[in-house]
Protein chains: 2
Amino acid sequence: MAQPTIDSENTVKSVETSFHIVEYLKDVDGARVTEVADALGIAKSTVHRHLVTLVEIGCVVKEGDIYDVGFRFLEFGEYAKTRKAAYAMAEEKVKELAAKTEERAQFLVEEHGQSVFVYRETGRNAVQTDPGIGKRVPIHASAAGKAILAHLPTEEVREIIDQHGLVALTEHTITDPDALFAELEEIRERGYALNNQENIDSLRAVGVPVLGNNDQVIGSLSVSGPTHRFKGQYVEREIPDLLLGTANELELNIKYS
Amino acid sequence: MAQPTIDSENTVKSVETSFHIVEYLKDVDGARVTEVADALGIAKSTVHRHLVTLVEIGCVVKEGDIYDVGFRFLEFGEYAKTRKAAYAMAEEKVKELAAKTEERAQFLVEEHGQSVFVYRETGRNAVQTDPGIGKRVPIHASAAGKAILAHLPTEEVREIIDQHGLVALTEHTITDPDALFAELEEIRERGYALNNQENIDSLRAVGVPVLGNNDQVIGSLSVSGPTHRFKGQYVEREIPDLLLGTANELELNIKYS
DNA sequence: GCAGGCTGTTCGACAATGAGAAACATTATA
DNA sequence: TATAATGTTTCTCATTGTCGAACAGCCTGC
């Protein structure tokens with residue numbers, strides 16, 4: 001207690017450990033008490049108590065001796081997805097985009113300096129991948145993320161960079177802050193963002209911001225696909241035009257509802 | 001501490017209070033510190049600390065002075081929905097059912113003696129209601145729930161009744177245990193369950209169990225619609241036949257995968 | 001523009017309560 | 001059947017959550 005400033009971190013540690021336990025269960029697809037205890041370096045009895053608590057509130061299910069993530073999260077997750085009218089309306093637009101382009105379309109939101117997939121729909125052409133709703137990805141390495149960043153106050157962008165850094169996911173990822181700021185400026189002028197394999201190799205994407213009242217950015221819509229199809233007019237005119245039109249409709253829906 | 005047996009309840013109380021806080025935020029669509037403190041009868045400072053913790057782990061977002069449920073839950077909820085191959089395969093079947101019948105189709109699972117909506121799809125004809133994924137409903141008052149109960153060990157059914165009771169949701173709800181057991185027997189013989197306004201007035205539904213290896217019940221598929229359409233051959237033959245066929249396909253998929 | 005009453009946030013002290021070690025119970029295995 | 005692994009319970013200690021009160025910011029209303 002000699003460092004009252006450092007140790008404070010005014011935070012409930014038991015809640016954090018419970019969270020870490022659930023996270024671990026998710027990562028390894030269910031586990032037994034001792035496994036969790038060993039992996040997280042916590043006493044067996046402690047883990048057990050946390051698991052009993054989590055089972056009681058429905059966040060964890062016990063199947064034999066294996067504990068795994070329960071359905072309670074679904075309830076809260078679905079609530080988060082629809083608690084703002086804007087989010088709920090975005091879902092339709094994502095479906096529309098996927099149907100029209102036959103590619104993969106998604107709606108993302110910024111949270112904690114990262115971008116979160118809130119809705120995703122895969123059109124016929126799209127590669128069938130893990131939907132990954134709720135997944136978090138670095139915000140600087142996607143079209144949707146950059147579209148959001150471009151409409152966030154510069155100061156906030158700086159904070160996000162400080163906190164998360166500009167990690168390289170491929171050789172195309174923007175890792176220099178100045179380069180990123182220049183790109184954001186360009187995005188603002190052009191109206192849409194492009195992602196050229198900055199996230200995953202041979203994957204391109206186009207993203208546009210969705211602005212609410214007083215021009216605050218709510219999230220962004222994006223469409224992504226393979227480089228061999230995402231090129232030329234298609235990625236520089238057709239997709240951006242469609243996205244901008246859709247975002248505009250969505251913004252109007254949001255404003256007058 | 002004179003009652004070491006009663007008070008034990010070997011459970012992490014901080015985790016429970018954090019959970020209650022999040023639950024409250026959901027129920028009232030976001031709230032400020034003092035509001036939560038007053039509502040739950042906890043000190044302001046305590047609530048604050050919990051909220052700070054929850055924000056840190058991403059379960060709660062702070063917008064101005066209002067705290068609300070965050071997107072972290074989405075990640076875990078989506079995981080819960082797909083952690084078993086059977087669940088993921090059920091999604092397609094639900095879509096299929098909704099498309100074929102144009103009614104509302106859903107896949108439910110039992111957890112903690114209640115039934116949880118895991119997937120729901122609304123066909124063109126279906127009344128557009130709140131999707132309610134993740135919502136929990138009394139298991140004895142729906143076709144899907146009864147279909148599950150019918151394939152659970154009698155002892156377990158008894159436990160569920162003891163724990164949750166047979167609350168009446170409409171005047172048609174089965175509230176007598178013996179009547180319920182008789183109904184479950186009938187369901188087993190007939191192969192499918194019917195819900196005649198036991199849940200919501202003027203709503204009927206048909207449900208069939210989905211059985212996994214060694215005939216353990218995994219969940220159930222159901223189709224629901226208004227009484228004026230759900231009658232005669234449609235509800236007694238067409239829908240049940242379609243459901244039984246679909247469940248059978250699903251069971252085969254599950255067994256050989 | 002200033003005072004008063006709201007908030008959210010921080011601080012400090014006490015004691016409740018969560019953590020861990022070890023005993024116990026239970027299952028699976030050889 | 002015995003042995004080893006697990007899950008569960010018990011117990012003690014001090015960590016750490018709780019509360020009340022003080023502090024700081026904001027808006028309201030005079």
Q: Ignoring backbone atoms, establish whether A:Tyr67 has a side-chain N or O less than 4.0 Å from OP1 or OP2 of D:dT6.
A: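 Indeed not, no polar side-chain atom of A:Tyr67 lies that close.
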Q: Would you say the side chains of A:Ser222 and A:Gln106 form a donor-acceptor pair under 3.5 Å?
A: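 A donor-acceptor contact under 3.5 Å links the two side chains.
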Q: Please state how far atom CD in A:Glu16 lies from atom C1' in D:dT16, giving the value in whole angstrom units.
A: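 Rounding to the nearest Å, CD of A:Glu16 and C1' of D:dT16 are 12 Å apart.
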Q: Classify the nucleic acid contact of A:Thr34 as base, sugar-phosphate or nothing, counting any heavy atom under 4.0 Å across all strands shown.
A: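 The residue A:Thr34 makes sugar-phosphate contact but no base contact.
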Q: Expressed as a whole number of angstroms, how long is the span from B:His50:NE2 to C:dG18:C1'?
A: 13 Å
Q: Please determine whether a side-chain nitrogen of the Lys or Arg among A:Glu75 and B:Lys26 lies less than 4.0 Å from a carboxylate oxygen of the Asp or Glu.
A: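 Yes, this pair counts.
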Q: Measure the distance from CG on B:Leu54 to P on D:dG17 and round it to the nearest whole Å.
A: 13 Å
Q: A:Lys13 NZ to C:dT17 P: how many Å, rounded?
A: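 One finds 19 Å between P of C:dT17 and NZ of A:Lys13, rounded.
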Q: Is the backbone of B:Ile57 close enough, under 3.5 Å, to the side chain of B:Arg72 for a donor and an acceptor to pair up by distance?
A: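 Side chain of B:Arg72 to backbone of B:Ile57, a donor-acceptor pair under 3.5 Å: yes, one is there.
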Q: Does B:His48 make a side-chain N or O approach to OP1 or OP2 of C:dG8 shorter than 4.0 Å?
A: no
Q: Between atom CD in A:Glu35 and atom C1' in D:dT8, what is the gap in whole Å?
A: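 Taking atom C1' of D:dT8 as the reference, CD of A:Glu35 is at 18 Å.
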Q: Is A:Ser45 near enough to C:dA19 that one of its side-chain N or O atoms lies under 4.0 angstrom from OP1 or OP2?
A: no
Q: Does any non-hydrogen side-chain atom of A:Val118 lie less than 4.5 Å from one of A:Ile133?
A: no
Q: Once you round it to whole Å, what is the distance between C1' of C:dG8 and CG of B:Asp65?
A: 6 Å
Q: Contact class for A:Ser14 (heavy atom, under 4.0 Å): base, sugar-phosphate, or nothing?
A: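 Sugar-phosphate: the residue A:Ser14, judged by heavy atoms under 4.0 Å, touches backbone atoms but no base.
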Q: CZ of A:Arg32 versus C1' of C:dT26: gap in Å, rounded?
A: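 Taking CZ of A:Arg32 and C1' of C:dT26, I get 12 Å after rounding.
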Q: According to a strict under-4.0 Å criterion, is B:Thr46 in side-chain N/O contact with OP1 or OP2 of D:dC19?
A: yes
Q: Between B:Thr53 and A:Glu16, does a side-chain hydrogen bond (donor to acceptor under 3.5 Å, both in side chains) hold up when you go through it step by step?
A: CA-CA 7 Å; B:Thr53 311; A:Glu16 288 177 359; 5.2 Å; no
Q: Please report, rounded to the nearest Å, how far the P atom of C:dT10 is from the NZ atom of B:Lys44.
A: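 These atoms are roughly 13 Å apart.
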